[in-house]
Each structure stands twice: as structure tokens, then as C-alpha cells.
S.K.: 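Quick one: the structure is below, and I'll ask about it shortly.
These numbers come from a predicted model, not from an experiment. Letters A, B, ... mirror the listed sequences (proteins, then strands); counts begin at 1.
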There are 2 protein chains.
Amino acid sequence: MILAEITTEERILEAAMKVFTRRGFAATRTEDIAKEAGINRTLLHYYFRDKQTIFNLIFETRFKEFFKGLFLIFEADNISLFDKIRRMVDHEITMLTKHPDLARFIITEVAHNPQLLIEYGTKLGMNPRVLKQSFEDLVAREVNDKTIKPIEGRQLLMNIMSLCIYPLVAKPIILTMMNVDERTFSQMMEQRKEEVSEFIINAIKK
Amino acid sequence: MILAEITTEERILEAAMKVFTRRGFAATRTEDIAKEAGINRTLLHYYFRDKQTIFNLIFETRFKEFFKGLFLIFEADNISLFDKIRRMVDHEITMLTKHPDLARFIITEVAHNPQLLIEYGTKLGMNPRVLKQSFEDLVAREVNDKTIKPIEGRQLLMNIMSLCIYPLVAKPIILTMMNVDERTFSQMMEQRKEEVSEFIINAIKK
DNA sequence: TCAATATTTGACACAGTTGTTAAACAAATG
DNA sequence: CATTTGTTTAACAACTGTGTCAAATATTGA
């Protein structure tokens with residue numbers, strides 16, 4: 001086995017990532033993962049105990065992917081609110097465009113099993129309340145200084161997340177309803193990277 | 001069987017609605033539906049052929065629930081853009097707050113089987129393109145008249161939908177991440193009915 | 001009360017999924 | 001070449017879920 005090549009173990013994880021993310025835990029068959037990886041089911045158990053074990057590995061990775069960058073921006077200090085918004089929007093849309101099924105996957109799995117959020121959240125050392133608080137404080141300060149219109153930090157945060165995440169979550173619906181192809185959709189998302197930040201800033205600036 | 005009482009058939013459909021909406025098709029067991037309805041599995045097959053039949057009935061109902069009101073507003077004539085936005089936002093948030101799992105259900109089922117959207121869309125006589133076009137025309141006119149900042153109709157539409165729908169879709173995540181209880185969440189959604197329209201209008205008005 | 005209808009029980013066949021095992025085979029590595 | 005490691009094949013047991021059926025029982029309406 002040459003080092004530069006990807007190992008079978010990685011191929012399996014890669015395949016599991018695809019299938020689990022597309023179909024979710026319940027609808028995924030281990031056979032589907034094996035087929036996607038180009039191996040058979042026995043080999044899958046040779047490397048990993050069972051379906052649940054693989055899922056946990058995948059979920060941890062994808063969970064991190066979904067939240068990590070965002071929390072880095074939350075933490076970032078000495079950045080103006082508007083710049084923070086610009087960074088968040090750009091990061092979220094860029095990341096989700098690269099992984100179009102990621103948000104839907106995380107949301108539906110957490111909806112089916114809310115415990116996952118607690119478990120992997122703490123496992124990755126996230127402290128939502130502290131980080132969220134820092135953003136809410138930042139917003140409250142700007143409101144107080146009357147540099148932006150009055151708005152609650154958590155409502156603004158929800159708005160930012162909504163505008164970035166929803167289009168990807170609802171992508172299968174949007175493609176049909178708006179009658180656009182994959183290529184056009186990508187262009188629309190590209191366009192949003194700029195426009196959404198300005199949309200938000202226009203909405204709140206005085 | 002007294003007429004005023006709900007029939008067993010209705011009890012089953014009611015139960016199926018709850019379970020399917022919460023868990024989706026793949027993760028739902030007919031046993032779960034029977035238990036939720038307080039009857040046994042055999043009776044379920046006595047009234048309905050099979051799981052798929054029940055699912056189709058449920059999906060059609062919920063699909064209509066999700067899209068109907070929105071399309072009515074789309075169609076509505078002689079309404080200013082801003083009023084149309086206000087109506088859409090109010091309707092969407094009100095409807096989704098009443099049915100918190102509805103949006104996630106429709107989105108995930110359509111993501112698993114895009115054909116559903118085509119099938120039930122045409123079945124219910126929706127013509128997305130025509131309706132969407134009327135909205136895009138309205139926006140284009142306002143942009144042309146320079147009464148609002150330049151924005152594509154479809155981007156604006158996506159923004160409106162995002163701001164209304166995402167918070168409900170991501171509710172299980174938001175509850176934990178923002179550390180709020182059901183009651184507080186409801187209040188936040190109530191607040192959004194007013195604030196989101198104004199947020200949008202501020203974002204686009206000149 | 002009688003007959004029709006609704007509901008439960010228990011059993012069953014069938015299909016699908018999961019996880020395991022033994023044996024054979026292939027590839028790579030010393 | 002001999003050995004280890006990776007992989008496939010085939011078969012299997014256990015379990016779960018679906019759909020069906022016959023018989024027994026309960027409920028209702030005529």
C-alpha cells in the first residue's frame with residue numbers, strides 16, 4: 001500500500017460521508033456505503049465495528065465542519081459588527097456551497113436526536129452561550145451607540161444564519177420552484193456572498 | 001359511531017401525520033403510527049392498504065398546507081410590494097409556528113425524492129414559474145422606478161423565505177444553541193412577525 | 001335481538017438489514 | 001518464496017418491519 005494512495009479505510013469513510021449526508025442515518029443501508037466505496041459489506045465490518053460506529057465518526061467530522069468556522073468568527077476580537085457579519089456570511093455561504101447537503105444533514109439528524117447536539121457540542125469544547133453572548137453584547141453596544149437600528153442580538157443572528165443556510169437546506173425545492181439548473185444555482189449563491197451582507201447591513205444601519 | 005366523534009380512520013391519519021412529520025418516511029414504523037393512534041397494526045391495514053398509501057395521503061395534505069397560502073399571496077393583485085412582503089412574512093411565520101415540523105418534513109422528503117415536488121405540485125395545479133414570475137415582475141418594476149434598491153426578484157424571494165422558514169427548520173438546534181425554552185422560542189417567533197418584514201423593507205427601501 | 005361492522009389477538013410468510021464466520025483468494029512485503 | 005495483510009465469496013443467524021389472514025370478541029345500528 002503506497003502512502004500517497006488513499007486507504008480503503010478512508011474510501012469507506014468517504015463513501016459513508018456521502019451516503020449518510022445525502023440520505024440520513026435511517027435511510028442509509030450499509031450495503032449502500034459498501035457499494036459507494038466499491039467494496040463489499042464484509043470489509044466494512046472488518047474495518048469498523050458497525051453502522052453506528054461509522055455514523056458517529058462521520059457525524060463528528062461533519063458537525064465540526066458545520067460549526068467550527070462560525071465559532072472562530074464569533075470569537076474573533078477587534079472586528080466591527082459589519083465586518084463580522086461580512087465574514088460570517090462569506091464563510092457560511094462558501095462552506096455550504098462546497099458541502100450542499102451538510103446543513104440539511106446536521107439539522108435533520110439533530111431533530112431526530114437532539115442529544116447529538118449536546119454530546120458533540122461539548123465534545124468539541126463549544127460553549128454556545130459564551131460565544132453567542134459575545135455577539136449579543138457586540139450588537140447591544142452598537143444599538144446603544146445608536147449606530148444601528150434597535151434589534152436583539154439573537155434575532156439578528158437568526159437572520160444572518162437564515163439568509164446563509166436556508167437556500168442550501170431548501171436547495172432541492174428551490175431548483176424546481178425557480179426552475180434553475182445546478183450551474184445557475186451556484187451563480188446565485190456566489191452572488192449572495194456579496195449581496196446578503198449588504199442586505200443585512202442596509203437593514204440595520206441608521 | 002356518533003357523527004360528532006372523530007372516526008378511527010381520522011385518528012389513524014392524525015397519528016400518521018404526527019409521526020411521519022416528526023420522523024420522516026424512512027424512520028417511521030407502522031407500529032409507531034398504530035401506537036400513536038391507540039390502535040393496533042392490523043386495523044391500520046384494515047383502513048389503508050399500506051404504509052406508502054398513508055404516506056401519500058399525509059404528504060399531499062401537508063404539501064398543500066405548506067404551499068397553499070403562499071401561492072394565494074403570490075397571486076393577489078393590486079397590493080404594493082411592501083404589503084405583499086408583510087403578508088407573506090406574517091402568513092409564513094404564523095403557519096409554521098402552528099406546525100413547527102412541517103417545513104423540515106417537506107424539505108427532507110423532497111430532498112430524498114425530488115419527484116414528490118413535481119408530482120404533488122402539478123397535482124395541486126401549482127405553476128411555480130408563472131407565480132414566481134409575477135413576483136419577479138413586481139420587484140423589477142419597483143427597482144426600475146427606483147423605489148427600492150436594485151435586487152433580483154429571486155434573491156429577494158429567497159431572502160423572505162429564508163428569514164421566515166429557517167428558524168423553524170433549525171428549531172431543534174436553535175433551542176439548544178440559544179439556550180431558550182419552547183415558550184421563549186414562541187415569543188421570539190411572535191416578535192419576528194413584525195420585525196422580519198421591517199428588516200426586509202429597511203434592507204431594500206431607498 | 002340480530003346482523004353488520006369495528007377491533008383485537010395471534011400467528012404467519014416474506015423480505016430486508018445487520019453483523020458474524022469460515023474459507024478461499026489476491027496483493028504486498030520481508 | 002513464505003508470510004502477513006487485504007479482500008471477496010458465500011452462507012448463516014438474528015432481528016426487524018411489512019403485509020396478510022383467520023378467528024375471536026366488542027360495538028353499533030336496524
Side-chain angles (χ1 to χ4, degrees), chain A residues 1-62 105 108-109 111-113 115-116, chain B residues 1-62 105 108-109 111-113 115-116:
Chain A
M1 192 64 65
I2 303 160
L3 279 178
E5 284 178 11
I6 44 169
T7 66
T8 302
E9 203 172 325
E10 288 165 338
R11 292 244 308 288
I12 293 172
L13 286 175
E14 195 61 38
M17 176 122 19
K18 278 190 197 163
V19 181
F20 274 134
T21 308
R22 270 204 303 266
R23 314 268 312 154
F25 183 82
T28 292
R29 305 285 93 98
T30 52
E31 173 65 32
D32 302 336
I33 299 176
K35 204 176 287 174
E36 176 76 35
I39 51 108
N40 61 26
R41 227 161 44 75
T42 308
L43 197 58
L44 193 139
H45 292 292
Y46 174 81
Y47 283 106
F48 305 97
R49 199 178 341 286
D50 54 22
K51 185 183 167 186
Q52 190 64 52
T53 302
I54 305 182
F55 179 81
N56 292 344
L57 290 169
I58 299 303
F59 189 82
E60 178 163 349
T61 310
R62 304 244 74 179
F105 171 69
T108 58
E109 294 303 323
H112 286 2
N113 179 10
Q115 192 54 31
L116 285 172
Chain B
M1 189 66 63
I2 302 160
L3 278 178
E5 284 177 11
I6 43 168
T7 65
T8 302
E9 203 172 325
E10 288 166 338
R11 291 244 308 288
I12 294 171
L13 286 175
E14 195 61 39
M17 176 122 18
K18 277 189 196 163
V19 181
F20 274 134
T21 308
R22 270 204 303 266
R23 311 270 312 153
F25 182 81
T28 293
R29 306 285 93 98
T30 52
E31 174 64 32
D32 302 335
I33 300 176
K35 205 177 286 174
E36 177 75 36
I39 51 109
N40 61 25
R41 225 161 46 74
T42 307
L43 197 58
L44 195 139
H45 292 293
Y46 174 81
Y47 282 106
F48 305 97
R49 199 177 341 286
D50 54 22
K51 186 183 167 185
Q52 190 64 52
T53 301
I54 305 182
F55 178 82
N56 292 344
L57 290 169
I58 299 304
F59 189 83
E60 178 164 348
T61 310
R62 305 243 75 179
F105 171 70
T108 59
E109 295 304 323
H112 286 1
N113 179 11
Q115 192 54 31
L116 286 173

S.K.: In whole Å, what is the span from the NE2 atom of B:His45 to the P atom of C:dT7?
M.R.: 15 Å

S.K.: Take atom CG of B:Leu44 and atom P of D:dG19, then tell me their distance rounded to the nearest Å.
M.R.: 9 Å

S.K.: Is it true that a side-chain atom of A:Asn56 and a backbone atom of A:Phe59 form a donor plus acceptor pair closer than 3.5 Å?
M.R.: no

S.K.: Check the angle between the aromatic planes of A:Phe20 and A:Phe55 and answer parallel, tilted or perpendicular using the 30° and 60° thresholds.
M.R.: perpendicular

S.K.: For A:Phe48 and C:dG19, what is the distance between atoms CZ and C1' respectively, to the nearest whole Å?
M.R.: 16 Å

S.K.: For B:Glu60 and B:Leu57, indicate whether the former's side chain and the latter's backbone hold a donor-acceptor pair under 3.5 Å.
M.R.: no

S.K.: Each nucleotide N or O in nucleotides 14-17 of chain D that has a protein N or O under 3.5 Å away: list the pair and distance.
M.R.:
residue : atom : partner : partner atom : Å
D:dG17  : OP1  : B:Arg29 : NH1          : 3.3

S.K.: Under a 3.5 Å distance rule, please check whether B:Arg11 uses its side chain to pair with a backbone N or O of B:Ala37 as donor and acceptor.
M.R.: yes

S.K.: To the nearest angstrom, how far is B:Glu9 atom CD from C:dT5 atom P?
M.R.: 15 Å

S.K.: Identify all pairs in which a protein N or O lies below 3.5 Å from an N or O of nucleotides 8-12 of chain C, and state each distance.
M.R.:
residue : atom : partner : partner atom : Å
C:dG10  : O6   : B:Thr42 : OG1          : 3.3

S.K.: Side-chain contact, heavy-atom cut-off 4.5 Å: B:Ile54 with B:Tyr47?
M.R.: no

S.K.: Between C1' on C:dT17 and CD1 on A:Ile33, what's the gap in Å once rounded to a whole number?
M.R.: 12 Å

S.K.: Nearest whole angstrom, please: distance from the P of C:dA15 to the CD of A:Glu31.
M.R.: 18 Å

S.K.: Which residue pairs satisfy the salt bridge (charged side-chain N to carboxylate O under 4.0 Å, His left out) criterion with at least one member in residues 16-25 of chain B, sequence neighbours excluded?
M.R.: B:Lys18-B:Glu36, B:Arg22-B:Glu36

S.K.: Would you kindly give the CG-to-P distance between A:Asp32 and C:dT17, to the nearest whole Å?
M.R.: 8 Å

